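Heads up, the thing below is written out as structure tokens.
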Amino acid sequence: MYLHELAPAEGSQKKHIRVGRGLGSGFGKTAGKGTKGQHSRSGGVKRPGFEGGQRPLYLRLPKRGFYNKFGKEFTELNVSDLNRFDDGTTVDAILLIEEGVVKNVRDGIRILGKGELTKKLTVQAAGFSKAAEEKILAAGGKVEVI
């Protein structure tokens with residue numbers, strides 16, 4: 001095989017149509033744009049969502065709710081999810097990611113009280129619900145807010 005023998009695969013490259021090159025080409029005169037109107041003119045491209053001067057839908061719909069840009073978004077985890085760890089383990093965000101319990105920590109992990117805990121663990125998290133804190137302490141574990 002030589003360099004001059006290299007060629008693209010059959011049908012992989014399509015020749016582009018040269019518009020506005022005479023009547024015989026099939027795309028002469030109006031160049032496939034039809035006659036008159038905004039689309040036939042140069043620069044006749046409108047932005048997405050433009051409705052011909054009518055009030056666009058995204059402006060007609062009412063705004064709802066409130067977004068707090070200072071608010072924290074915690075990854076929530078139930079007490080029952082901690083039973084997979086051995087007794088005496090210190091459970092923190094790094095261990096939870098390594099074990100595949102959570103994918104993303106976001107602004108911290110918050111432990112909620114759903115389920116039962118049967119292991120004695122030291123749990124380090126950004127926050128705990130009262131029920132979760134009671135269940136961890138009742139199982140003989142420790143709670144550390146970081």
Side-chain angles (χ1 to χ4, degrees), residues 1-20 25-27 30-146:
M1 178 175 279
Y2 298 99
L3 279 176
H4 70 273
E5 293 176 344
L6 291 175
E10 193 66 38
S12 68
Q13 292 192 334
K14 208 170 163 186
K15 192 175 179 188
H16 80 279
I17 298 168
R18 297 182 70 213
V19 296
S25 70
F27 287 95
T30 56
K33 289 176 171 254
T35 51
K36 297 186 182 176
Q38 186 174 18
H39 298 289
S40 68
R41 316 280 188 217
S42 67
V45 181
K46 301 173 299 299
R47 61 177 156 69
F50 183 71
E51 297 184 24
Q54 174 176 297
R55 199 73 170 151
L57 181 67
Y58 68 90
L59 290 175
R60 280 181 275 157
L61 295 174
K63 288 187 281 186
R64 305 287 284 167
F66 170 76
Y67 175 73
N68 183 4
K69 65 181 179 178
F70 299 109
K72 301 248 184 265
E73 192 176 336
F74 294 103
T75 300
E76 294 170 344
L77 198 65
N78 283 308
V79 169
S80 59
D81 298 327
L82 302 176
N83 280 321
R84 65 168 59 203
F85 300 106
D86 297 327
D87 278 327
T89 307
T90 301
V91 179
D92 59 351
I94 295 166
L95 181 67
L96 290 169
I97 290 171
E98 286 173 357
E99 290 291 319
V101 181
V102 294
K103 284 185 180 178
N104 190 357
V105 177
R106 296 188 189 132
D107 293 321
I109 293 176
R110 184 165 160 76
I111 308 295
L112 305 179
K114 187 177 179 184
E116 294 300 321
L117 182 65
T118 56
K119 308 284 176 73
K120 183 179 175 181
L121 303 170
T122 302
V123 184
Q124 297 176 343
F128 297 87
S129 67
K130 283 201 170 124
E133 197 171 331
E134 289 168 6
K135 288 179 183 181
I136 293 168
L137 295 173
K142 288 183 189 173
V143 169
E144 295 178 12
V145 178
I146 51 171

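Atoms considered below: every heavy atom in the structure, side chains included; atoms not considered: hydrogens, waters and symmetry mates. Counting begins at 1 with the first residue of the sequence. In this text, all values refer to a predicted model and were calculated from it rather than measured experimentally.
- A donor-acceptor pair under 3.5 Å is formed between the side chain of N83 and the backbone N or O of E116.
- L112 is not listed as a side-chain neighbour of V79, based on a closest heavy-atom distance of 4.5 Å or more.
- Contact between A9 and S12 at its shortest, heavy atoms only, is O-OG, 2.8 Å.
- Between the side chain of N104 and the backbone N or O of R106 there is at least one donor-acceptor pair closer than 3.5 Å.
- Summarising the geometry, atom CG belonging to D86 is positioned 6.0 Å from atom NZ belonging to K119; distances are rounded to the nearest 0.5 Å.
- The closest side-chain heavy-atom distance from K46 to Q38 is below 4.5 Å.
- Taking a 6.0 Å sphere around CD of E10, one finds it holds 12 or fewer heavy atoms contributed by other residues, nucleotides or ligands.
- In this structure a side-chain-to-backbone donor-acceptor pair under 3.5 Å is missing from D92 to Q124.
- Within the 4.5 Å cutoff, the side chain of F85 has heavy atoms near those of the V101 side chain.
- L77 has its side chain within reach of L82: a pair of non-hydrogen atoms, C-beta onward, lies under 4.5 Å apart.
- When all heavy atoms of A126 and V145 are compared, the pair lying nearest together is O-CG1, 3.6 Å.
- In this structure, R60 contributes its side chain and R55 its backbone to a donor-acceptor pair below 3.5 Å.
- D107 places a side-chain N or O within 3.5 Å of a backbone atom of E73 that can act as its donor or acceptor partner.
- Listed for the K135 side chain is a donor-acceptor partner under 3.5 Å among the backbone atoms of G115.
- Annotation for G113 and S129: closest pair N-OG, 3.3 Å, computed over non-hydrogen atoms.
- The nearest pair of heavy atoms linking I17 to F27 is CG2-CD1, 3.6 Å.
- Separation of atoms CD (E134) and CZ (F128) is listed at 13.0 Å; rounding is to 0.5 Å.
- Residues L95 and T90 form no side-chain contact, since every pair of their non-hydrogen atoms from C-beta on lies 4.5 Å or further apart.
- Side-chain N or O atoms of E99 include none that pairs as donor or acceptor with a backbone N or O of L96 at under 3.5 Å.
- Side-chain N or O atoms of T89 include none that pairs as donor or acceptor with a backbone N or O of L121 at under 3.5 Å.
- With respect to the salt-bridge test (charged N to carboxylate O, under 4.0 angstrom), the residues E76 and K114 do not qualify.
- In this structure the side chain of M1 reaches within 4.5 angstrom of the side chain of L6, judged on heavy atoms.
- Residues E144 and T122 meet the side-chain proximity criterion, which asks for heavy atoms closer than 4.5 Å.
- Rounding to the nearest 0.5 angstrom, the gap separating the CG atom in L59 from the CD atom in E51 is 9.0 Å.
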